[in-house]
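Chain letters run A, B, ... following the sequence lines, proteins first and then strands; every chain starts at 1.
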Amino acid sequence: MLELQTIRENRAFVIERLAVKNVEATAVVDEIIALDQERRNRQKELDDVLARSNQLAKEIGQYFKSGQRDKAEEAKKETTELKVKSKMLAEDLDQVVEQLNSRLVELPNLPHASVPSGKSAEDNEKVHEEGVIPTLAENAIPHWELADKYQIIDFNLGSKVTGAGFPFYRGKGARLQRALINFFLDEALDAGYLEYQPPLLINEDSGFGTGQLPDKEGQMYYAGEDKLYLIPTAEVPITNIYRNVLLSESDFPIKNVAYSNCFRREAGSYGKDVRGLNRLHQFDKVEIVQIQHPDRSYETLEQMKEHVAGLLRKLELPFRILRLCGGDMSFTSALTFDFEVYSAAQKRWLEVSSVSNFESYQSNRMKLRFKDELGKTRLAHTLNGSALALPRIVAALLENNQTEAGIRIPKALQRYTGFELID
RNA sequence: GGAGAGAUGGCAGAGCGGUCGAAUGCGGCGGUCUUGAAAACCGUUGACCUUCACGGGUCCGGGGGUUCGAAUCCCUCUCUCUCCGCCA
């Protein structure tokens with residue numbers, strides 16, 4: 001969430017920036033500022049009462065020690081009144097704080113100055129494009145048909161056993177999955193990331209920490225019996241490692257990578273966009289996460305972007321990079337770049353990675369802080385990116401590399417798959 | 001799942017219901033010494049809210065309670081450890 005101080009000191013700026021995300025925040029911002037003032041007033045009142053109580057308690061102790069029973073009893077009377085009063089004040093304060101927090105949590109992160117305004121994906125800004133878009137033969141087919149033809153992914157079987165969006169990968173299809181995961185992890189390790197294997201279920205605090213809760217509750221699978229959520233991305237457990245942690249400046253940069261299954265309910269999506277591997281309820285992803293000093297987080301974002309671009313180059317996939325517009329950005333992000341690969345049989349661009357800087361938005365929720373060189377406690381910046389999400393990579397690989405003889409595996413991947421062709 | 005023990009500052013580890021935000025050690029920071037470093041010695045070193053400041057308040061796993069007063073007593077939740085059971 002946004003820092004209270006930012007809102008208090010830059011009211012107009014906050015409102016203006018949120019407008020880029022198409023949020024008309026004037027009313028909420030003003031309410032927050034008023035509640036904040038209210039909170040401080042109540043806090044002062046309560047503190048005064050407590051100060052008096054503390055003082056009396058000490059005096060009473062002294063009276064008992066020196067045997068002045070009567071004086072002690074006298075002081076007790078006042079202290080009893082104060083107790084009632086402080087209880088009431090504390091309840092008031094709690095209520096104000098709760099209101100304040102619930103308002104505060106409603107505000108999305110402020111978009112970075114470079115974020116273009118816009119309503120939807122249409123308005124995203126293309127910042128880069130590279131690679132050759134392949135021209136396929138007349139009889140080229142989409143990946144779901146290839147999957148069937150070569151018996152490497154079985155969607156129907158998944159539907160039978162679980163439901164739509166939970167495919168089985170089999171044979172070389174399963175091997176390809178495993179190869180991609182290892183390839184992505186090795187590349188991240190080479191780039192200096194530390195590998196983690198995280199839990200796939202998270203508690204409510206973690207969901208709140210990275211911003212999935214409360215607003216995106218319906219997007220996660222929920223194991224109600226144990227109050228645990230299935231992770232929509234490894235970002236959640238990996239970033240939450242640092243919840244309530246106080247780092248020192250020398251810890252930066254923290255670079256973590258994790259492979260995990262990801263679970264998304266994708267409630268409300270249907271139609272042709274969800275065909276085959278385009279949108280699944282369970283999929284595989286390698287995620288990179290960095291925790292960085294606020295002064296260096298944008299350099300880090302560039303570096304992460306370059307890492308992802310490198311992966312796509314090695315996979316020989318044509319891709320483009322988009323700077324997301326305000327309307328298409330996530331709630332928690334300050335700046336996001338999406339990577340899309342061209343899937344030649346579907347003749348469309350598929351999002352395969354999203355690299356974001358959250359600045360202090362997640363840190364503030366998580367109380368992820370560090371001590372700077374002056375010994376001052378400050379919020380760290382968090383960043384993450386997919387490197388990469390598998391299904392659409394597989395879709396593009398299958399479609400773009402289909403030949404008469406079978407599906408050609410890119411060079412860089414062959415030592416991981418152990419085969420050059422799916423046939 | 002059953003029985004028991006525990007949770008204290010960056011870490012380790014003390015702590016009779018009042019003067020404990022908390023001994024001590026380690027680590028960190030500053031200094032003396034040294035060409036430099038180490039060692040030794042001296043000093044310093046928690047977070048948060050509030051205040052221009054002085055100051056005030058909160059925090060000893062989370063929540064609730066007893067008491068004039070709780071790190072210390074009670075309840076509850078979570079987690080950790082030991083033993084038993086079950087099990088990849």
Side-chain angles (χ1 to χ4, degrees), chain A residues 1-9 32-104 197-209 213 223-229 237 240-252 254 261 291 293 360 363-380:
Chain A
M1 57 193 169
L2 297 177
E3 294 175 65
L4 211 37
Q5 200 185 346
T6 308
I7 298 174
R8 202 172 2 187
E9 291 171 7
I32 286 170
I33 291 171
L35 282 166
D36 177 47
Q37 187 57 51
E38 176 79 2
R39 188 196 104 243
R40 284 189 282 172
N41 295 342
R42 305 270 169 134
Q43 177 95 56
K44 176 85 175 96
E45 281 180 68
L46 175 62
D47 285 357
D48 287 346
V49 172
L50 290 174
R52 177 68 184 147
S53 295
N54 288 342
Q55 189 196 343
L56 281 173
K58 273 181 192 167
E59 285 173 14
I60 290 167
Q62 289 305 317
Y63 289 143
F64 276 127
K65 251 182 198 164
S66 57
Q68 294 172 277
R69 269 264 134 95
D70 46 336
K71 280 199 166 182
E73 292 303 327
E74 190 61 32
K76 271 199 194 182
K77 272 182 204 158
E78 187 182 346
T79 212
T80 313
E81 287 168 30
L82 288 175
K83 209 175 162 187
V84 176
K85 205 167 168 185
S86 74
K87 197 162 190 177
M88 277 170 46
L89 288 171
E91 275 167 20
D92 283 357
L93 178 63
D94 282 352
Q95 209 185 331
V96 173
V97 167
E98 202 174 306
Q99 260 185 65
L100 176 58
N101 284 337
S102 68
R103 284 292 98 82
L104 212 45
Q197 208 173 93
L200 303 181
L201 287 95
I202 48 113
N203 60 28
E204 194 182 337
D205 285 346
S206 294
F208 179 82
L213 297 174
E225 191 80 16
D226 296 292
K227 296 185 176 141
L228 297 172
Y229 296 84
N240 271 283
I241 291 171
Y242 303 94
R243 175 152 47 82
N244 286 319
V245 164
L246 184 63
L247 299 165
S248 57
E249 192 158 340
S250 58
D251 293 327
F252 295 133
I254 290 173
N261 297 299
I291 316 288
H293 189 289
S360 62
S363 294
N364 195 28
R365 288 177 159 232
M366 286 193 292
K367 299 287 165 273
L368 161 47
R369 297 162 304 168
F370 73 100
K371 273 209 193 288
D372 68 14
E373 66 274 15
L374 301 169
K376 219 180 135 219
T377 310
R378 299 169 61 187
L379 293 170

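Remark: B:rG27 base-pairs with B:rU45; criterion is Watson-Crick or G-U wobble with both hydrogen-bond distances under 3.5 Å. B:rA53 is unpaired under the Watson-Crick or G-U wobble criterion, no partner having all donor-acceptor distances under 3.5 Å. For B:rC81, the paired base is B:rG4 (Watson-Crick or G-U wobble, both distances below 3.5 Å). Of all nucleotides present, none satisfies the Watson-Crick or G-U wobble test against B:rU19 with each distance under 3.5 Å. Of the nucleotides present, none pairs with B:rA70 by Watson-Crick or G-U wobble criteria with both distances under 3.5 Å. In this structure, B:rA88 makes no Watson-Crick or G-U wobble pair, since no nucleotide meets both defining distances under 3.5 angstrom. When Watson-Crick and G-U wobble pairs are counted only if both distances are under 3.5 Å, B:rA37 pairs with no nucleotide at all.
The separation between A:Leu56 atom CG and B:rG56 atom C1' is 15 Å, rounded to whole Å. If you take CG of A:Asn41 and P of B:rC49, they are 17 Å apart, rounded to a whole angstrom. When the C1' atom of B:rG46 is taken as reference, atom CG of A:Leu247 falls 16 Å away, rounded to whole Å. The nearest whole Å value for the distance from the OH atom in A:Tyr242 to the P atom in B:rG10 is 17 Å. Rounding to whole angstrom units, CD of residue A:Gln43 and P of B:rC59 are separated by 12 Å. Rounded to whole Å, atom C1' of B:rC79 lies 17 Å from atom CD of A:Glu204. If you take CD of A:Glu59 and P of B:rC68, they are 16 Å apart, rounded to a whole angstrom. If you take NZ of A:Lys44 and C1' of B:rG57, they are 10 Å apart, rounded to a whole angstrom.
Across B:rC16 and B:rG64, the matching P atoms stand 26 Å from one another, rounded to whole Å. Taking atom C1' in both B:rG15 and B:rA23, the straight-line distance is 8 Å, to the nearest Å. B:rG28 and B:rU19: their C1' atoms are spaced 30 Å apart (whole Å). Rounded to the nearest Å, the gap between the P atom of B:rU44 and that of B:rC48 is 22 Å. Between B:rC54 and B:rG18, the two P atoms lie 31 Å apart (nearest whole Å). A gap of 45 Å separates the P atoms of B:rA71 and B:rC33, to the nearest Å. Taking the C1' atoms as reference points, B:rG46 lies 28 Å from B:rG65, given to the whole Å. Nucleotides B:rC86 and B:rA14 have their P atoms positioned 36 Å apart, rounded to a whole Å.
Put simply, the side chain of A:Asp47 and the base of B:rG57 share no donor and acceptor less than 3.5 Å apart.
Using a 4.0 Å heavy-atom distance criterion, A:Lys227 is classed as making no nucleic acid contact. In this structure, A:Thr377 reaches the sugar-phosphate backbone alone: every heavy-atom distance under 4.0 Å involves primed, P, OP1 or OP2 atoms, never a base.
Of the listed nucleotides (B:rC68, B:rU50, B:rG57), B:rU50 has the atom at the smallest distance from the side chain of A:Arg40. Comparing B:rC49, B:rC48, B:rG57 by their nearest atom to the side chain of A:Asn54 picks out B:rG57. Listed nucleotides B:rG69, B:rU50, B:rG18 differ in distance to A:Lys83; the shortest reach to its side chain belongs to B:rG69.
Using a 4.0 Å cut-off, no side-chain N or O of A:Arg42 falls inside it from OP1 or OP2 of B:rC49. For the OP1/OP2 pair of B:rG65 and a distance below 4.0 Å, the side-chain nitrogens and oxygens of A:Lys87 include at least one atom meeting the criterion. Phosphate contact (OP1/OP2 of B:rG56, side-chain N/O of A:Arg52, threshold under 4.0 Å): absent. At the phosphate of B:rU45, neither OP1 nor OP2 sits under 4.0 Å from any side-chain N or O atom of A:Lys371.
Paired with A:Asp92 under the rule side-chain contact (heavy atoms from CB on, under 4.5 Å), one option of A:Glu45, A:Arg39, A:Arg42, A:Glu38 passes, and it is A:Arg42.
In terms of heavy atoms, A:Asp205 sits closest to A:Arg243 at CB-NH1, 3.5 Å.
Of the possible donor and acceptor atoms, none in the side chain of A:Ser360 sits under 3.5 Å from a partner among the backbone N and O of A:Ala380. The backbone N or O of A:Leu2 lies less than 3.5 Å from a partner atom in the side chain of A:Asn364, making a donor-acceptor pair. In terms of modelled atom types and a separation under 3.5 Å, the side chain of A:Ser206 and the main chain of A:Ile202 share no donor-acceptor contact. No donor-acceptor pair under 3.5 Å is formed between the side chain of A:Asn54 and the backbone N or O of A:Ala51.
Where A:Asp94 and A:Arg369 meet RNA chain B, the nucleotide closest to each residue was compared, and A:Arg369 sits on the side nearer the 5' end. Along RNA chain B, the nucleotide nearest A:Thr79 and the nucleotide nearest A:Lys58 are compared for position; the residue whose nucleotide lies closer to the 5' end is A:Lys58.
The shortest distance between side-chain heavy atoms of A:Leu100 and A:Leu4 falls below 4.5 Å.
A salt bridge between A:Arg52 and A:Glu78 is present, with a side-chain N of the basic residue lying under 4.0 Å from a carboxylate O of the acidic one.
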